[in-house]
Amino acid sequence: MSQPVMKAPDQAQPVHLPAPKEIRDLLGDLLDRDVTLKPGPPFAVNAHYPASIAQFVDDSLVVRAVVAFDLPLSAHAGAALALVPSSGAEQAIEDGALPGTMAEGLAEVFNVFSAVFNVEGAAHLRLYSAQTAGQELPVDARIRTQILGRRADFHVDVAGYGSGRVAVVLT
């Protein structure tokens, strides 16, 4: 009986770094709200700057991108998708963690976020894992938010809710 052949990860295909308009349109359509983006400085997730992190893998299960929403954007996006009033998002920010409904809403935002990476000629990515603010974050995911180079960082405002920051980092 022959052994299955293991393939090396194919990192030859580049990962698409989404343009601001792609991110704005995706979030605006998904949340059914006006969303504005402005360039912002890079941010790294740490104990003093809590965030939610999604890791995206290629077909070889290699992490090729991470997306981090700071705590305010996590709460605003999760609440907007789950139709929780903005006061609920503000309470989550004060508490430092997302309650169940908002966490589920944010997980869905991250799941749909994979669409901005999947363009013709680029590696196909899918959501591998997502941890929301207030949960234990894997060390490797936190470290990936500190990579400089191919990344995009923005201030995001969700109409009727509030603003926060997003980092899209290619690994």
Side-chain angles (χ1 to χ4, degrees), residues 18 20 22-38 40 42-58 61-118 124-147 151-171:
E22 293 171 301
I23 296 169
R24 185 196 71 217
D25 290 351
L26 176 114
L27 291 174
D29 291 346
L30 182 62
L31 302 177
D32 197 26
R33 302 221 163 241
D34 286 334
V35 171
T36 56
L37 261 71
K38 292 185 292 190
F43 81 89
V45 179
N46 61 53
H48 304 290
Y49 200 77
S52 302
I53 301 175
Q55 297 188 83
F56 297 86
V57 296
D58 62 15
L61 298 181
V62 173
V63 176
R64 302 285 301 273
V66 294
V67 173
F69 282 22
D70 69 357
L71 176 59
L73 184 58
S74 297
H76 297 308
L81 188 68
L83 302 176
V84 172
S86 61
S87 60
E90 294 306 320
Q91 184 62 52
I93 293 167
E94 190 175 306
D95 294 344
L98 302 185
T101 307
M102 277 187 251
E104 289 171 19
L106 184 61
E108 183 58 22
V109 170
F110 282 148
N111 188 41
V112 174
F113 207 95
S114 64
V116 297
F117 296 115
N118 295 324
H124 178 268
L125 301 187
R126 64 182 170 84
L127 179 63
Y128 179 72
S129 68
Q131 284 78 32
T132 58
Q135 292 181 328
E136 181 78 23
L137 297 175
V139 172
D140 63 324
R142 278 197 330 254
I143 289 171
R144 285 184 177 105
T145 69
Q146 298 172 13
I147 294 172
R151 66 180 292 148
D153 293 86
F154 301 101
H155 289 282
V156 179
D157 184 66
V158 179
Y161 281 88
S163 61
R165 296 171 66 189
V166 61
V168 179
V169 184
L170 306 185
T171 60

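Side chains included, hydrogens not; waters and symmetry mates left out as well; all remaining heavy atoms used. Worth saying up front: this structure is predicted, and the values here are computed from it rather than measured.
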Please tabulate, for side-chain N and O atoms in residues 67-88, each donor-acceptor pair with protein atoms closer than 3.5 Å (sequence neighbours left out).
unit_1: D70; atom_1: OD1; unit_2: L73; atom_2: N; d: 2.9
unit_1: D70; atom_1: OD1; unit_2: R165; atom_2: N; d: 3.0
unit_1: D70; atom_1: OD2; unit_2: Y49; atom_2: OH; d: 2.9
unit_1: D70; atom_1: OD2; unit_2: R165; atom_2: N; d: 3.2
unit_1: S74; atom_1: OG; unit_2: S52; atom_2: OG; d: 2.8
unit_1: S74; atom_1: OG; unit_2: F69; atom_2: O; d: 3.1
unit_1: S74; atom_1: OG; unit_2: D70; atom_2: O; d: 2.9

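- In terms of heavy-atom proximity, F43 sits nearest to D153 at N-OD2, 3.4 Å.
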Using distance only, find each side-chain donor-acceptor pair of residues 95-103 under 3.5 Å and give its atom names and separation, not counting sequence neighbours.
unit_1: D95; atom_1: OD1; unit_2: Q91; atom_2: NE2; d: 2.8
unit_1: D95; atom_1: OD2; unit_2: Q91; atom_2: NE2; d: 3.4

Identify all side-chain donor-acceptor contacts of residues 126-135 below 3.5 Å with residues at least two apart in sequence or on another chain.
unit_1: S129; atom_1: OG; unit_2: Q55; atom_2: NE2; d: 3.3
unit_1: Q135; atom_1: OE1; unit_2: T132; atom_2: N; d: 2.8

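- Nearest heavy-atom pair across V45 and A51 is CG2-CB, 3.5 Å.
- To the nearest 0.5 Å, atoms OG1 (T36) and CG (L27) are separated by 10.5 Å.
- To the nearest 0.5 Å, atom CZ of residue R24 and atom CZ of residue F154 are 11.0 Å apart.
- Atoms CD1 and CZ, on I23 and F113 in that order, are 4.5 Å from each other to the nearest 0.5 Å.
- A distance-only check finds a donor-acceptor pair linking the side chain of N118 to the backbone of L125 [under 3.5 Å].
- The distance from the CZ atom of R151 to the OG1 atom of T171 is 12.0 Å, given to the nearest 0.5 Å.
- To the nearest 0.5 Å, atoms CG (N111) and CG (L106) are separated by 11.0 Å.
- Between the side chain of R33 and the backbone N or O of A159 there is at least one donor-acceptor pair closer than 3.5 Å.
- Pairing each heavy atom of A115 with each of L26, the nearest pair is CB-CD1, 4.2 Å.
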